[in-house]
Amino acid sequence: MNNSLRNEYLKVMGVQQWVAREALDADGAAGAIDSVGTVDGVASLDWPELEKRVSGCTLCGLQESRTRTVFGVGNRDADWLVIGEAPGADEDRQGEPFVGRAGQLLTEMLFAAGLQRDAVYICNILKCRPPGNRNPSMEEVSLCQAYLQRQIELIAPRLILAVGGVAANSLLDMDEKVGQLRGKVHDYGTQKIPVVVTYHPAYLLRSPLEKRKVWKDLQFAQSVCANGQAGYKIT
Ligand code: SF4
């Protein structure tokens with residue numbers, strides 16, 4: 001990796017010095033919702049089936065305003081799973097999470113931490129854009145959660161990086177500010193996958209002085225992942 005290029009990325013992040021570290025069914029019909037509010041049959045879908053189900057999903061009202069669903073992108077065998085809130089306007093147009101300025105900053109943050117964007121898997125809590133970039137409703141999160149849960153099962157990451165309060169609180173079933181969730185290892189689901197929380201890059205665009213905190217969070221996430229704290233692959 002070219003050092004001057006790496007330093008450029010760090011500069012963008014505001015870090016001066018660092019130490020390198022190495023619901024459709026098969027016929028296209030909407031899936032039913034079971035008694036606990038999850039989508040029928042999603043837990044047994046493979047990647048192509050899951051992607052197809054999401055692309056035709058009409059479970060919540062966001063299907064009316066979306067341009068396209070935004071499933072997720074990256075390495076499906078990744079150690080790191082990065083989870084954000086919901087697609088924005090650029091993502092809705094392109095069908096890929098974290099594009100546009102916030103997405104570029106996320107890519108720079110990952111790169112500075114020694115991770116190529118395509119080495120991790122990136123997705124959102126919601127697969128469709130809320131109009132006007134409003135926060136997702138609890139109902140939307142609940143209806144969409146089976147898709148994310150299946151993605152997590154299929155990837156079996158060693159670490160989840162939750163970016164932003166909505167992603168963190170939805171994953172952890174909490175109601176806290178990002179500042180209170182940072183700096184500790186949470187866990188997700190029965191698999192106890194380690195979760196590290198940091199700020200959303202869209203927030204960093206508005207508050208660039210907070211980039212240093214994100215850099216600290218990424219270093220923390222690296223150490224959690226490297227030390228294998230509660231991280232294991234689901235078979
Ligand atoms: S946000 Fe999720 S539940 Fe709602 S329509 Fe999109 S994919 Fe379906």
Side-chain angles (χ1 to χ4, degrees), residues 23-76 78 81-100 102-103 106 120-157 160-175 188-189 193 195 200-203:
L24 292 184
D25 62 19
D27 298 312
I33 302 172
D34 68 19
S35 58
V36 291
T38 58
V39 187
D40 236 1
V42 168
S44 61
L45 298 181
D46 62 17
W47 279 112
E49 292 165 339
L50 182 63
E51 198 159 3
K52 183 178 179 187
R53 179 79 70 94
V54 169
S55 72
C57 181
T58 56
L59 281 175
C60 82
L62 298 181
Q63 55 97 11
E64 291 167 15
S65 54
R66 74 183 179 214
T67 303
R68 53 181 55 83
T69 55
V70 180
F71 181 69
V73 69
N75 180 1
R76 291 176 174 181
L81 171 59
V82 180
I83 302 179
E85 177 180 327
D90 292 320
E91 290 78 12
D92 177 67
R93 265 192 304 273
Q94 298 183 39
E96 181 172 331
F98 285 98
V99 294
L106 176 69
V120 305
Y121 193 85
I122 303 171
C123 63
N124 285 308
I125 296 285
L126 286 190
K127 310 308 184 197
C128 302
R129 182 193 181 207
N133 293 341
R134 65 161 168 77
N135 282 346
S137 70
M138 285 178 68
E139 184 189 14
E140 289 158 355
V141 171
S142 171
L143 289 170
C144 212
Q145 72 178 2
Y147 302 135
L148 176 65
Q149 190 170 329
R150 186 60 185 149
Q151 286 176 306
I152 294 172
E153 287 169 358
L154 286 167
I155 296 164
I160 294 173
L161 181 69
V163 294
V166 171
N169 283 304
S170 300
L171 277 173
L172 302 173
D173 195 20
M174 297 174 88
D175 186 17
Y188 173 82
I193 299 170
V195 178
H200 195 286
Y203 168 72

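Whatever order the structure lists them in is the order used to number ligands and atoms, beginning at 1. Note that the numbering runs from 1 along the sequence shown for the chain. Since this is a predicted model, take the numbers as computed values, not measurements. The basis for the numbers below is simple: all heavy atoms, side chains too, and nothing from hydrogens, waters or symmetry mates.
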Engineer: Run the numbers for me: atoms of ligand 1, each under 4.0 Å from some heavy atom of Lys127, listed by number.
Structural biologist: 7 (S)

Engineer: With Glu85 as reference, evaluate Pro136, Pro130, Ser170 under the side-chain contact (heavy atoms from CB on, under 4.5 Å) test and give the passing residue.
Structural biologist: Pro136

Engineer: Against heavy atoms of Arg66, which atoms of ligand 1 measure under 4.0 Å?
Structural biologist: 5 (S), 6 (Fe)

Engineer: Strictly under 2.8 Å, is any N, O or S atom of Cys128 next to atom 6 (Fe) of ligand 1?
Structural biologist: yes

Engineer: Who pairs with Tyr188 by ring-ring contact (aromatic ring centres under 6.0 Å, His included), at least two apart in sequence or on another chain?
Structural biologist: none

Engineer: Just to verify, what does Arg129 make a salt bridge (Lys or Arg N to Asp or Glu O under 4.0 Å) with, not counting sequence neighbours?
Structural biologist: none

Engineer: In terms of heavy-atom contacts, does CG of Asp173 have more than 12 from other residues, nucleotides or ligands at under 6.0 Å?
Structural biologist: no

Engineer: Give a yes/no answer: is there an N/O/S atom of Cys60 under 2.8 Å from atom 4 (Fe) of ligand 1?
Structural biologist: yes

Engineer: Got an N, O or S from Cys57 under 2.8 Å of atom 8 (Fe) of ligand 1?
Structural biologist: yes

Engineer: Atom CD of Glu51 and atom CG of Asp46: how far apart are they, to the nearest 0.5 Å?
Structural biologist: 10.5 Å

